[in-house]
Number of protein chains: 2
Amino acid sequence: MKGTKILLVDDEPDVLDFLSYNLKKHGAIVFTASDGKQAIDVAKEVLPDLIILDVMMPVMDGIEACKELRQLPETKDAMIIFLTARTEDYSQIAGLEAGADDYISKPLNLRVLITRIDAMLRRGRRAEVRQGIVDVGGGVKINNESFSVTVNGEEYTLPKKEFELVTLLTSKPGKVFTREDILNKIWGGDVVVGDRTIDVHIRKLRQKLGDDKITTLKGIGYKFEF
Amino acid sequence: MKGTKILLVDDEPDVLDFLSYNLKKHGAIVFTASDGKQAIDVAKEVLPDLIILDVMMPVMDGIEACKELRQLPETKDAMIIFLTARTEDYSQIAGLEAGADDYISKPLNLRVLITRIDAMLRRGRRAEVRQGIVDVGGGVKINNESFSVTVNGEEYTLPKKEFELVTLLTSKPGKVFTREDILNKIWGGDVVVGDRTIDVHIRKLRQKLGDDKITTLKGIGYKFEF
DNA sequence: TTACCATTTTAAGTATTTGTTAATTGAATG
DNA sequence: CATTCAATTAACAAATACTTAAAATGGTAA
């Protein structure tokens, strides 16, 4: 972490100060910005190795900024970490789609943050990202480029919602996602759809993945397992 | 291309005039020089976005000039395109090694040149250099010099947009390009065109390539496959 | 210039796929 | 064994893409 240039972007001065202080203590060279537009300007100037972006910001939010940063030749190779409030879970997906390399949820745990940054710098960019073909185990592979899953050699191209669902469930094998989780992350907090909708999509997935891959926890939710 | 500063470097006044006239017509601000030494002087002065360099020139040839331009802080970020005679193939390799971003062979095809410049300015440096005839699989060959595709022996000369689209889609067979991707890469982030425009171009391509080559993923985008 | 032609974009109606709901059946839990 | 929740199916609704034609656009030649 010594000598690494880090650009911090957040609209809350407290967060900025806190992180700035601590990252400097670990040897980083820290720059700051308080919204997306500023971030881009600063980034073009200092060419940071790593950019830590808050998702919720005025003027230009983190997602937009990230997309733009990925376009610019000066900054497209920088690593980008998103800061997301735990409630706005959906943004994780949007964030990764926008080209982020990792995301960390608030409230911030400093040790976790430092560890993640270290790991990232060590392993190089995109170590954590699910990009291209990801083997999620159980003979199931997910291909983010072609929006398809491969189960024991059989490839299925999935419709959007099904793909989002399988991506979510396999993002943490073994973890149980409640129906509420699923609604929040895939449909977004404000869209209202009936509970049966989830069942139906689960069913369609099971038809393709096989009945044994997704298990139901009655009254709780679903999990992907193998 | 509007407002882009382009520095043309060639020892033949005819070529200079011809290009100068046409690039200006497309909204570029054009500067000229007739050898490498001059080119460097002018470049330091005007800080061009793009430099078009003839390889064969008196006093200082294009390769030398390019190397030098890449050293200078004022010009190292400019994009550089080489003009090479078709026979002097070696220069392509030498040129790219010297730090050029693309090369175009003489005799010049204006449409090709303009398109390559547009693409380069849009996508930023290091547009993939796909030169000559590329076999992208599935019985489809793409010819970058003549803007044509060959499908099972049948050759079609494509209009610009169609050509750009097929080039994009075939640049990664199997990968899905979202509509947003396509708009960004082909039209550029700021141009606003309706979604149907993409459909129509896709359709025209399908009429030529065959219906099975490009597949639609509803709600997501398109991919080239075979 | 002016008229013409090729290309690109928009528009409108149709077709298809995907997503959702509702009604019923089935399974698990206490 | 009754109650609750999930699974299933098919029918319906909504979203999205396809097709065709016609209107802009822009370049080229008389």
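Values reported hereafter were calculated over all heavy atoms of this structure, with side chains retained and with hydrogens, waters and symmetry mates removed.
Atom CD1 in B:Ile220 sits about 12 Å away from atom C1' in D:dT16, given to the nearest Å. Rounded to whole Å, atom P of D:dA17 lies 17 Å from atom CG of B:Leu205. Between the CD1 atom of B:Ile182 and the P atom of D:dT16 there is a distance of 16 Å, given to the nearest Å. Summarising the geometry, the separation between CD1 on B:Ile114 and C1' on D:dG26 is reported as 13 Å, rounded to the nearest angstrom. If you measure from atom CD of B:Glu164 to atom P of C:dT9, you get 10 Å, rounded to the nearest angstrom. Taking atom CZ on B:Phe147 and atom C1' on C:dA6, their separation rounds to 15 Å, with Å as the unit. Atom CZ of B:Arg203 and atom C1' of C:dT7 are 15 Å apart (whole Å). Protein atom CG of B:Asp118 is 15 Å distant from nucleotide atom C1' of C:dT7, rounded to whole Å.
Minimum atom distance to the side chain of A:His201 is reached by C:dT20, of the listed C:dT8, C:dT20, D:dT19.
Counting heavy atoms from C-beta on, the side chains of B:Asn144 and B:Phe163 come closer than 4.5 Å. Side-chain contact between B:Ile52 and B:Ile117 is present, with at least one heavy-atom pair separated by less than 4.5 Å. Proximity of B:Lys204 to B:Lys161: side-chain heavy atoms (C-beta onward) are nowhere separated by under 4.5 Å. Contact annotation: the side chain of B:Leu217 approaches that of B:Lys223 to within less than 4.5 Å [non-hydrogen atoms, C-beta and beyond].
Look at B:Trp187 and you won't find any side-chain N or O under 4.0 angstrom from OP1 or OP2 of C:dT8. Under 4.0 angstrom from either OP1 or OP2 of D:dT16 there lies no side-chain N or O belonging to B:Tyr222. Residue B:Arg206 places at least one side-chain N or O under 4.0 Å from the OP1 or OP2 atom of D:dC18.
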Please list each protein N or O that sits under 3.5 Å from an N or O in nucleotides 12-18 of chain C, with the distance.
from	atom 1	to	atom 2	distance (Å)
C:dT16	O2	B:Lys218	NZ	2.6
C:dT17	O4'	B:Lys218	NZ	3.4

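With DNA chain C read from its 5' end, the first of the two nearest nucleotides for A:Ile198 and B:Arg111 is the one closest to B:Arg111. Residue order along DNA chain D, read from the 5' end via each residue's closest nucleotide, puts B:Val200 first among B:Val200 and B:His26.
Among residues two or more places apart in sequence or in another chain, the salt bridge (Lys or Arg N to Asp or Glu O under 4.0 Å) test is passed with B:Lys213 by none. Under the side-chain hydrogen bond (donor to acceptor under 3.5 Å, both in side chains) criterion, B:Thr75 pairs with no residue, sequence neighbours left out. By the salt bridge (Lys or Arg N to Asp or Glu O under 4.0 Å) test, B:Glu68 pairs with no residue at all, sequence neighbours left out.
Each salt bridge (charged side-chain N to carboxylate O under 4.0 Å, His left out) pair with one or both residues in residues 19-35 of chain B, not counting sequence neighbours, would appear here, but there are none.
Taking the screw axis at each terminus of the helix from C:dT1-D:dA30 to C:dG30-D:dC1 from five consecutive base pairs, the angle between the two is 30° to within rounding of 10 degrees.
The two residues A:Glu155 and A:Ser148 have their closest heavy-atom pair at OE2-OG, 3.3 Å.
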